[in-house]
Amino acid sequence: MKIASWNVNSLKVRLEHVLEWLDYEQPDILALQETKTLDENFPVDTINEAGYQVVFSGQKTYNGVAILSKEKATDIITDVPKLDDPQRRILGATINGVRVLCLYVVNGQEVDSDKYAYKLEWLEKVTDYIKVDHKQHQNYVVLGDFNICHTDADVHDPVAWKDRIFCSAAERTALQTILDLGFSDTYRQFEQASDSWSWWDYRGGNYNRNIGLRIDLILASKSLAEHCQRSIIDPEPRSWERPSDHAPVVATFEIEQ
DNA sequence: ATGGTCGGGGACCGA
């Protein structure tokens with residue numbers, strides 16, 4: 001079972017990229033973030049014609065999440081308890097017995113800003129939900145754009161980024177708290193090349209200079225993680241014309257479907 | 001060599 005995640009930075013602009021990528025990668029599940037698409041405008045027919053079903057939670061201009069899957073998604077959630085949030089950043093679904101939680105974590109702008117406080121509160125409420133929901137679903141994947149660099153290995157310049165947004169102690173602790181519920185960062189289960197990033201700033205030719213961050217993660221529950229055979233970042237679509245600033249990430253699990 | 005959205009200029013958000 002191949003499970004992927006991609007922040008597409010507007011599905012309208014990136015639809016052809018998504019279709020091209022689905023065609024060659026053939027994931028069973030693809031979680032999208034930053035679709036920036038109202039539900040009534042979601043390209044359901046085009047996705048269906050590509051062989052995928054889809055569920056989504058969108059809004060105008062900002063945020064928006066979706067889950068594409070070859071098999072049917074059930075038990076859809078778009079919100080978690082105690083988080084009354086108009087921002088569409090959360091989408092949970094069960095597919096082939098695997099609970100999938102797609103997250104577009106709050107950016108946070110700057111440490112100690114109002115948005116930073118919202119980021120930490122948002123993470124706390126989502127973590128509370130995962131803790132409860134995981135008890136009912138052994139095979140569980142939390143994936144998406146986390147907007148957190150877990151360790152200095154996930155940052156091109158840890159000195160410059162020290163204690164800044166994405167790298168603050170409170171953000172890293174929040175991510176560790178999710179991992180401590182029994183999740184594994186599948187990417188780090190395998191030996192990886194150094195300087196491997198999932199996001200590169202559009203500015204300054206940063207992709208060609210390989211200056212970036214690893215902020216797009218696929219976390220798997222213990223029962224799934226022990227069957228993870230591969231977890232990679234596919235940088236290729238970042239080199240395509242008019243790309244998303246994020247690359248897709250992919251994890252493969254050897255499990256009964 | 002800053003992109004996307006909304007809207008029709010430029011502000012806002014992003015990471």
Side-chain angles (χ1 to χ4, degrees), chain A residues 5-18 21 31-43 56-66 85-90 102-123 126 143-172 174-175 185 187 195-217 233 235 237-249:
Chain A
S5 176
W6 195 0
N7 179 324
V8 289
N9 188 18
S10 169
L11 183 57
K12 187 179 179 184
V13 174
R14 234 64 69 186
L15 185 56
E16 290 305 317
H17 282 202
V18 170
W21 190 79
L32 300 179
Q33 302 86 40
E34 284 208 272
T35 55
K36 301 186 177 179
T37 303
L38 282 167
D39 290 350
E40 56 259 46
N41 297 332
F42 201 93
F56 39 82
S57 177
Q59 67 180 90
K60 201 176 182 181
T61 310
Y62 301 120
N63 309 309
V65 281
D85 192 355
Q87 300 191 23
R88 303 291 81 199
R89 299 175 172 276
I90 298 169
C102 168
L103 300 179
Y104 174 46
V105 175
V106 176
N107 176 295
Q109 195 171 52
E110 193 179 340
V111 172
D112 294 335
S113 66
D114 289 348
K115 287 176 184 173
Y116 180 76
Y118 164 56
K119 181 178 195 173
L120 295 179
E121 191 205 344
W122 188 95
L123 283 162
V126 169
L143 78 175
D145 176 359
F146 282 73
N147 277 327
I148 300 171
C149 301
H150 187 221
T151 75
D152 283 353
D154 303 311
V155 192
H156 66 91
D157 186 348
V159 175
W161 282 83
K162 184 174 165 56
D163 297 331
R164 286 176 54 199
I165 195 69
F166 289 43
C167 298
S168 71
E171 289 166 275
R172 286 179 168 178
L175 175 51
D185 178 355
Y187 190 76
D195 298 319
S196 294
W197 322 120
S198 66
W199 172 85
W200 302 258
D201 200 315
Y202 285 118
R203 296 171 289 188
N206 276 12
Y207 178 68
N208 289 325
R209 297 198 290 156
N210 196 31
I211 293 173
L213 306 172
R214 191 180 74 96
I215 52 179
D216 299 274
L217 309 177
I233 300 166
R238 184 63 178 78
S239 70
W240 294 348
E241 193 177 339
R242 205 180 182 193
S244 168
D245 44 356
H246 294 252
V249 296

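Sequence lines set the chain letters: A, B, ... in the order given, protein chains first and strands last, and positions in each chain run from 1.
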Spacing of the [atom1] atoms in [M] and [N] (rounded, Å):
N      : M     : atom1 : result
B/dA1  : B/dT5 : P     : 24 Å
B/dC12 : B/dG8 : P     : 15 Å
B/dA11 : B/dT2 : C1'   : 15 Å

For [X] and [N], give me the distance from atom [atom1] to atom [atom2], rounded to whole Å.
X        : N      : atom1 : atom2 : result
A/His246 : B/dC13 : NE2   : P     : 17 Å
A/Gln59  : B/dG14 : CD    : C1'   : 14 Å
A/Asn7   : B/dC13 : CG    : P     : 17 Å
A/Gln87  : B/dC12 : CD    : C1'   : 13 Å
A/Asp114 : B/dC13 : CG    : P     : 12 Å
A/Phe146 : B/dG14 : CZ    : P     : 17 Å
A/Lys119 : B/dC13 : NZ    : C1'   : 14 Å

*To the nearest 0.5 Å, how far apart are CD in A/Glu171 and OH in A/Tyr116?*
5.0 Å

*Approximate separation, where rounding is to 0.5 Å, of A/Ile148 CD1 and A/Ile215 CD1*: 10.0 Å

_Under-4.0 Å salt bridge between A/Arg172 and A/Asp152_ = yes

_Tell me whether the count of non-hydrogen atoms from other residues, nucleotides or ligands lying under 6.0 Å of CD in A/Gln87 goes above 12._
yes

*asked:* Can you classify the ring geometry of A/Trp161 versus A/His156 as parallel (below 30°), tilted (30 to 60°) or perpendicular (above 60°)?
replied: perpendicular

*nucleotides 1-8 of chain B: protein proximity per nucleotide (B base, S sugar-phosphate only, - neither; heavy atom, under 4.0 Å)*: -BSSSS--

Could you tell me whether [X] contacts a base, only the sugar-phosphate backbone, or nothing, with contacts defined as non-hydrogen atoms closer than 4.0 Å?
X        : result
A/Ile165 : nothing
A/His156 : nothing
A/Glu34  : sugar-phosphate
A/Arg209 : nothing

Applying ring pair (Phe, Tyr, Trp, His ring centres under 6.0 Å), can you list everything that pairs with [X], at least two apart in sequence or on another chain?
X        : result
A/Tyr207 : A/Trp200
A/Phe56  : A/Phe42
A/His150 : none

*Write out the stems for DNA chain B, ordered by first number and formatted as range with range, counting runs of at least 3 consecutive Watson-Crick or G-U wobble pairs under 3.5 Å.*
B:3-6 with B:10-13

*asked:* Could you work out, with side chain to side chain contact (heavy atoms under 4.5 Å, CB included) as the rule, every residue matching A/Asp163, not counting sequence neighbours?
replied: none

